[in-house]
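Values in this document were obtained by computation on a predicted structure and should not be read as measured data. A note on names: the letters A, B, ... follow the listed sequences, proteins ahead of strands, and every chain is numbered from 1.
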2 protein chains.
Amino acid sequence: MRSYLDACGITRALDVVGERWAIPVIRELIFGPRRYSDLDTALPGVSTNILGARLKELVKAGVVVKRRLAPPTPANVYELTPWGAALEPVLIELGRWGSRTAVDLSHQALSASSLALSLKTTFDAHAAAGVELDAQLVMGEDCFGVHIGSGVLTIGRDAPHTGRASGLRLHADPPTMASYVYQGLEAAGTAFDVIRIEGSRGSAELFTRCFTLPEPPTKGTL
Amino acid sequence: MRSYLDACGITRALDVVGERWAIPVIRELIFGPRRYSDLDTALPGVSTNILGARLKELVKAGVVVKRRLAPPTPANVYELTPWGAALEPVLIELGRWGSRTAVDLSHQALSASSLALSLKTTFDAHAAAGVELDAQLVMGEDCFGVHIGSGVLTIGRDAPHTGRASGLRLHADPPTMASYVYQGLEAAGTAFDVIRIEGSRGSAELFTRCFTLPEPPTKGTL
DNA sequence: CAGCATCCCGATTGATACTG
DNA sequence: CAGTATCAATCGGGATGCTG
């Protein structure tokens, strides 16, 4: 196992999660356990052997645990340990920094977990002051429940169609959802079936206004 | 240039700073411009060709700028752009997470920048409540000025022997300095010349108490 | 289908030598 | 001092095949 051989905390962290695909794998596990195939499909571009190798390394390092679900639906899942889950602030900060690069949201992959995490990085507590609402984001198989209240955002995986009599439910694939939240309805396309909004137009407005992309980097010299 | 081809902010960040040695290089630049040879010696283990390649890539990406210093001491230096400097929260969080792994502080490299950054990640505002002091940390050529006041830590490079009539000045190489701050005088060794403390024993106590290592990870399941 | 192991190839890294 | 050039070793990516 490759190491920087450096006592610095940063390089010691990189010794564990610095290999290619390690952070993206952890990103997919942030909202709860996932199966091998979930990870494989959520991470387009990763080779199956690399995915297996990373999971094995992360398990050995104590970042991830492999667990078998109870008999109703027996399946092997990978899950973050408490230490692994403590990487969330790192991911948030990384995402906040990286979101300040231009990108064509179409023609690139975007997993449901990525979108959900991005809401955490772009949540604007100031803009959300006074807002109190529940929403459900349905992206194919992946469904997330969102609560905004007291300037705090809570988001987690949710069973579809189980929303708490939610005032708002959005159906779209992740890239379309991102376009809608960050760039408005017109950017998300208006074709039937691309995005479906259940709830008042007002609550949808209220929701999207709580999330703002950071400014792109100023190219000026220091 | 290799890319995750993923619209997620996290992977876009990794497209820029995810290659091996990129983050350590940025760590060395956090406290200001450095020359090529400074980086080379502060990063034991990096090959000069890799260092050159990373710097070139980081410059092209807009994270780093190459600049020539004014004629008194003309030298090429590398410096973070504002966008690059915005990586500091990422490094802080990474360091905080990574510092929770066991390590033998001796027999591993530790650069002066690493130690200075680690003070930022381990600063305990609660423990520093009511503390008001200036200190200077002298580690060979590298000298840092530290100010603690109002529960806030300020740290930056400083010209040696220019301290503001500082109440405290510590001389040691970075690993010894780390041992002293985090594990106390006995761990730092008591041999003459290993560590030199100018100032009252009380202020040194006050200083070190402001920094606490996080707890090691609990190995229990989630 | 879940979870890998294998094989091959191109890309990246690392150590060293070398140049302006 | 400040890098570039060279070359061997390793790693990542993709396809394929195996096993329960």
Side-chain angles (χ1 to χ4, degrees), chain A residues 1-6 11 14-26 28-29 32-61 64-79 108-109 141, chain B residues 1-6 11 14-26 28-29 33-61 64-79 109 141:
Chain A
M1 197 153 227
R2 187 160 63 159
S3 167
Y4 284 104
L5 293 175
D6 191 327
T11 46
L14 293 176
D15 284 344
V16 179
V17 297
E19 297 298 308
R20 194 162 172 78
W21 290 106
I23 295 275
V25 164
I26 290 160
E28 291 301 318
L29 296 177
R34 308 264 82 195
R35 292 172 302 177
Y36 190 93
S37 53
D38 294 332
L39 299 173
D40 199 25
T41 62
L43 297 169
V46 69
S47 314
T48 175
N49 57 345
I50 297 295
L51 179 58
R54 287 297 162 272
L55 284 170
K56 196 169 291 187
E57 293 161 14
L58 290 172
V59 166
K60 190 165 56 179
V64 166
V65 285
K66 183 175 178 177
R67 192 160 61 84
R68 175 163 278 276
L69 290 184
T73 326
N76 291 323
V77 292
Y78 296 88
E79 184 173 25
Q108 281 209 330
E141 300 288 296
Chain B
M1 195 151 228
R2 185 160 64 160
S3 167
Y4 284 104
L5 293 176
D6 190 326
T11 45
L14 293 176
D15 284 344
V16 179
V17 297
E19 299 299 308
R20 194 162 172 79
W21 290 106
I23 295 274
V25 165
I26 290 160
E28 291 302 317
L29 296 177
R34 308 264 82 194
R35 292 172 303 176
Y36 190 93
S37 51
D38 294 331
L39 299 173
D40 198 24
T41 62
L43 297 169
V46 69
S47 312
T48 175
N49 59 341
I50 297 294
L51 179 57
R54 285 298 161 272
L55 285 171
K56 197 169 289 186
E57 293 161 15
L58 290 172
V59 166
K60 189 165 60 181
V64 166
V65 286
K66 182 176 178 177
R67 193 160 60 84
R68 175 164 278 275
L69 290 184
T73 327
N76 290 323
V77 292
Y78 294 88
E79 184 173 25
E141 300 289 296

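When heavy atoms are screened at a 4.0 angstrom cut-off, R54(B) is found touching the sugar-phosphate backbone but no base atom.
For K56(B), counting side-chain heavy atoms from C-beta on, the closest listed nucleotide (dG12(D), dT4(D), dA2(D)) is dT4(D). Relative to the side chain of R20(A), the nucleotides dG14(C), dG13(D), dA2(C) differ in distance, and dG13(D) lies closest. With distances taken from any side-chain atom of Y78(A) to the nucleotides dG3(C), dG12(D), dT12(C), the minimum falls on dG3(C).
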Under 3.5 Å between N/O atoms: give me all the protein pairs with nucleotides 5-8 of chain D, atom names plus distance.
unit_1: dT6(D); atom_1: O4; unit_2: N49(B); atom_2: ND2; d: 3.4

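The pair E28(B)-R34(B) does not meet the salt-bridge criterion, since no charged nitrogen lies less than 4.0 angstrom from a carboxylate oxygen. Ion pairing between K60(A) and E57(A) fails under the 4.0 Å rule for side-chain N and carboxylate O.
Within the model, atoms CG of D6(A) and CG of D15(A) stand 8.5 Å from one another, a figure rounded to the nearest 0.5 Å.
Between L29(A) and L39(A) the shortest side-chain heavy-atom distance falls below 4.5 Å. Under the 4.5 Å side-chain criterion, counting only non-hydrogen atoms from C-beta, N76(B) is not in contact with Y36(B). A 4.5 Å side-chain heavy-atom check between P33(B) and L69(B) finds every atom pair outside the cut-off.
For W21(B) and dG14(C), the shortest distance from a side-chain N or O to OP1 or OP2 is below 4.0 Å.
E19(A) has its CD atom 8 Å from the P atom of dC11(D), to the nearest Å.
Position along DNA chain D of the nearest nucleotide to S47(A) versus G52(B) favours G52(B) as the more 5'-ward residue.
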